[in-house]
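Written below as structure tokens is the structure these notes are about.
Keep in mind that the numbers below use all heavy atoms, side chains included, and drop hydrogens, waters and symmetry copies. If you're wondering where the values come from, they're calculated on a predicted model, not measured in any experiment.
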Amino acid sequence: MSRKTAFSLKWIKSFWMIMFCMVSGIAAGLYVPELAHAVSRFGDLYLSFLKMCVIPIMMTAIISSIGSLLIQSGAMKMIVRMCLVYTLALVFCGLLGLSLGGIGRPGAGLPEESKHVLGAIVYDLSADTSSLSDEKPQGVFSFLLNMIPSNIFTALTENNTLQILFFSVIVGVAVGMMRTSQGEDVLKIADVLFGAFQKVISWSMYALPFALFCMMAGQFATLNMDILPAMMKLIMMFYISSVILIVLSVVIMAVTLRKPVRVILSALKDTLILAFGTRNSIATVPTCMDALSMKLQQDSRIVQLVVPLGMIMCRYSMVLVYTLGITFTVQLYEFEFTLSQWIVVLAGAVVISIAGAGSPGVVSIGMLAIIAGMLGLPSEVTIILLLAMNPIIDPIITAANVSIQCLTTSILSARKENYDHYQTVNEPGQVEV
């Protein structure tokens with residue numbers, strides 16, 4: 001006779017408990033900043049713990065999925081599909097940012113009081129962000145050079161996700177091309193390690209509500225509230241565009257997966273909340289893979305490949321930042337752009353968002369100057385204002401970024417019967433290209 005536990009701890013991870021802790025953290029940050037600063041360190045500890053687990057999960061998932069893909073199915077066909085889906089999603093985010101920027105006109109008609117407030121903010125922050133102006137735009141060769149680690153252990157120590165990604169892809173391809181029993185053993189070991197760290201992540205979810213309280217308290221304790229009324233239109237554009245992306249992602253997933261919207265929302269709930277609270281897309285990789293492969297029954301091999309790659313390389317949130325930021329600058333300085341110039345903005349936003357993969361948030365926002373420089377726009381004021389309002393917009397655009405990642409993964413993930421078909425069509429050891 002089995003003995004049942006007298007109580008359950010699932011209520012700790014419930015939606016209402018998480019929302020209560022987030023709201024309490026916001027209130028603590030606004031009204032009790034001393035307490036907020038004290039507890040924010042615990043939020044940093046939790047985020048560091050998540051990152052510690054995410055890197056092994058990312059490495060083992062990519063090695064295992066790429067190796068299995070090369071052994072069992074058409075690798076080239078999947079690569080072409082990934083490039084197509086990623087490009088369409090990035091372009092759509094750019095078009096959405098440009099459209100809402102043109103409709104809402106966040107940089108036009110600012111009252112004199114708002115201009116004075118913005119001027120004071122720019123003056124206060126200009127000294128802290130002066131190093132951004134010294135950053136030189138990196139070319140294609142510099143990007144490739146930064147992507148290849150000279151020492152993988154140094155990349156792991158510095159948490160350089162782009163270099164870790166490149167190393168994992170190379171190892172996965174090499175193991176997959178071995179086509180030996182030893183290669184399959186390596187993939188099995190990677191699967192075991194992946195499952196072990198996934199289990200550790202599931203344990204850490206019990207501390208998520210308290211960690212979100214600490215993180216939200218720390219974020220709002222350092223928030224510059226003066227920027228809210230002055231930049232309200234631009235902030236609203238970011239929130240409206242992000243909500244549109246989240247809603248569209250959920251609806252399209254419901255249609256393509258033939259599941260009710262409430263099922264999709266229930267599956268993605270923890271991932272979106274974690275994205276909003278931590279403001280870190282990489283930290284959501286384990287919960288995102290669990291939601292897609294376990295709760296929504298997508299093919300785990302494709303999910304383990306596409307989610308880490310997409311989180312690092314395709315930064316849909318930065319495309320929004322670049323397009324809305326340039327639109328704000330054009331309207332603030334009363335420039336008149338032609339259609340060809342707007343196409344340059346769109347293409348530049350997509351390319352720069354990919355080129356900045358692995359860069360810190362401050363550097364990524366500073367890369368707006370590359371697009372502005374191609375068009376002869378002044379960018380210093382916009383960059384400083386985006387940095388000032390980043391704590392306000394970062395939670396929602398991170399949630400939007402993760403939702404688009406879930407959508408693209410669900411589109412790329414083959415159904416179970418299709419995946420089994422690939423396995424039967426390709427003979428063992430045969431690689432379809």
Side-chain angles (χ1 to χ4, degrees), residues 8-29 36 39-40 42-51 53-54 57 198 200-220 223 238-239 241-251 253-254 259-296 303 307 310-311 316-317 390-407 409-410:
S8 173
L9 295 177
K10 289 184 177 180
W11 62 271
I12 297 178
K13 301 188 295 181
S14 66
F15 173 78
W16 296 112
M17 182 65 179
I18 292 175
M19 293 304 298
F20 171 76
C21 290
M22 290 179 66
V23 173
S24 300
I26 294 173
V39 301
S40 64
F42 294 101
D44 295 336
L45 286 175
Y46 183 82
L47 189 57
S48 297
F49 180 83
L50 282 183
K51 290 180 179 179
C53 297
V54 165
I57 287 176
Q198 280 281 64
V200 174
I201 289 291
S202 67
W203 294 338
S204 71
M205 289 297 103
Y206 287 100
L208 177 62
F210 175 71
L212 288 176
F213 169 83
C214 298
M215 285 186 279
M216 299 302 289
Q219 291 171 21
F220 278 82
L223 187 63
F238 277 109
Y239 271 80
S241 58
S242 298
V243 170
I244 290 175
L245 289 176
I246 294 172
V247 171
L248 282 178
S249 299
V250 172
V251 171
M253 288 180 67
K259 296 180 182 291
V261 171
R262 58 180 177 80
V263 173
I264 305 297
L265 284 173
S266 177
L268 301 183
K269 174 188 64 179
D270 293 341
T271 302
L272 294 178
I273 290 176
L274 187 63
F276 188 90
T278 62
R279 303 189 301 167
N280 190 307
S281 298
I282 302 297
T284 66
V285 167
T287 57
C288 183
M289 289 193 289
D290 179 72
L292 292 169
S293 60
M294 302 299 294
K295 298 178 182 178
L296 296 178
V303 169
V307 169
M311 290 292 187
Y316 306 102
S317 57
N390 190 54
I392 304 174
I393 64 173
D394 203 18
I396 191 66
I397 63 175
T398 303
N401 183 70
V402 171
S403 69
I404 296 292
Q405 302 289 359
C406 293
L407 171 61
T409 304
S410 66

Do the side chains of R279 and P391 get nearer than 4.5 Å, heavy atoms only?
-> yes
Taking all atoms of both residues into account, what is the closest heavy-atom pair of I201 and I57, and its distance?
-> CG1-CD1, 3.8 Å
Would you check, one step at a time, whether the test side-chain contact (heavy atoms from CB on, under 4.5 Å) holds for Q219 with D394?
-> CA-CA 11 Å; Q219 291 171 21; D394 203 18; over 6 Å; no
Would you indicate whether F20, at its atom CZ, is surrounded by more than 12 heavy atoms from other residues, nucleotides or ligands within a distance under 6.0 Å?
-> no
Residue pair C53 / V200: nearest heavy atoms and the distance that separates them = SG-CG1, 3.7 Å
What distance separates M216 CE from S40 OG, expressed to the nearest 0.5 Å?
-> 13.0 Å
What is the distance from atom CE of M311 to atom CD1 of I282, rounded to the nearest 0.5 Å?
-> 7.0 Å
Any side-chain donor near an acceptor of the partner, N401 and S281, under 3.5 Å | yes
Rounded distance [0.5 Å steps], CD1 in I264 versus NZ in K259 | 7.0 Å
Below 4.5 Å, heavy atoms only, C-beta onward: do T287 and Q198 meet side chain to side chain?
-> no
Work out which heavy atom in S204 is nearest to a heavy atom in F49; give both atom names and the distance.
-> CB-CE2, 3.7 Å
Flag side-chain contact, heavy atom, 4.5 Å: T284 against Q405 = no
Begin with the C-alpha distance, continue with both residues' side-chain angles, and end with the deciding distance and a verdict on side-chain contact (heavy atoms from CB on, under 4.5 Å) for S410 and L296.
-> CA-CA 9 Å; S410 66; L296 296 178; over 6 Å; no
Audit row: T398, N280, side-chain contact (heavy atoms from CB on, under 4.5 Å) steps and yes/no | CA-CA 7 Å; T398 303; N280 190 307; 5.8 Å; no
Residues two or more places apart in sequence or in another chain: which of them pass side chain to side chain contact (heavy atoms under 4.5 Å, CB included) with V247?
-> V243, V251
Quick one: do K295 and D290 satisfy side-chain contact (heavy atoms from CB on, under 4.5 Å)? Show the steps, please.
-> CA-CA 7 Å; K295 298 178 182 178; D290 179 72; 3.8 Å; yes
Can you list the residues that meet the side chain to side chain contact (heavy atoms under 4.5 Å, CB included) rule with C214, with sequence neighbours excluded?
-> V39, F42, F210
For A211, the side chain to side chain contact (heavy atoms under 4.5 Å, CB included) test, sequence neighbours excluded, returns Y46, M215
Does any non-hydrogen side-chain atom of C406 lie less than 4.5 Å from one of S249?
-> no
Side chain of S266, backbone of R262: donor and acceptor closer than 3.5 Å?
-> no
L272 side chain reached by S403 side chain, heavy atoms, under 4.5 Å | yes
What heavy-atom pair brings I397 and S242 nearest, and what distance separates the two atoms?
-> CG2-OG, 3.4 Å
Closest heavy-atom contact between I18 and L208?
-> CD1-CD2, 4.1 Å
Value for OG (S317) from CZ (F238), rounded to nearest 0.5 Å, stands at 9.5 Å
Please examine the side chains of I273 and M22, heavy atoms only from C-beta on, and report whether any two atoms are closer than 4.5 Å.
-> yes
How close do A217 and A36 get, heavy atom to heavy atom, and via which atoms?
-> O-CB, 3.3 Å
Nearest-0.5 Å distance that lies between atom CD1 in I404 and atom CG in L245 | 4.5 Å
Got I396 and I246 here, is their nearest side-chain heavy-atom distance under 4.5 Å?
-> yes
Any side-chain heavy-atom pair of L274 and L50 under 4.5 Å = yes
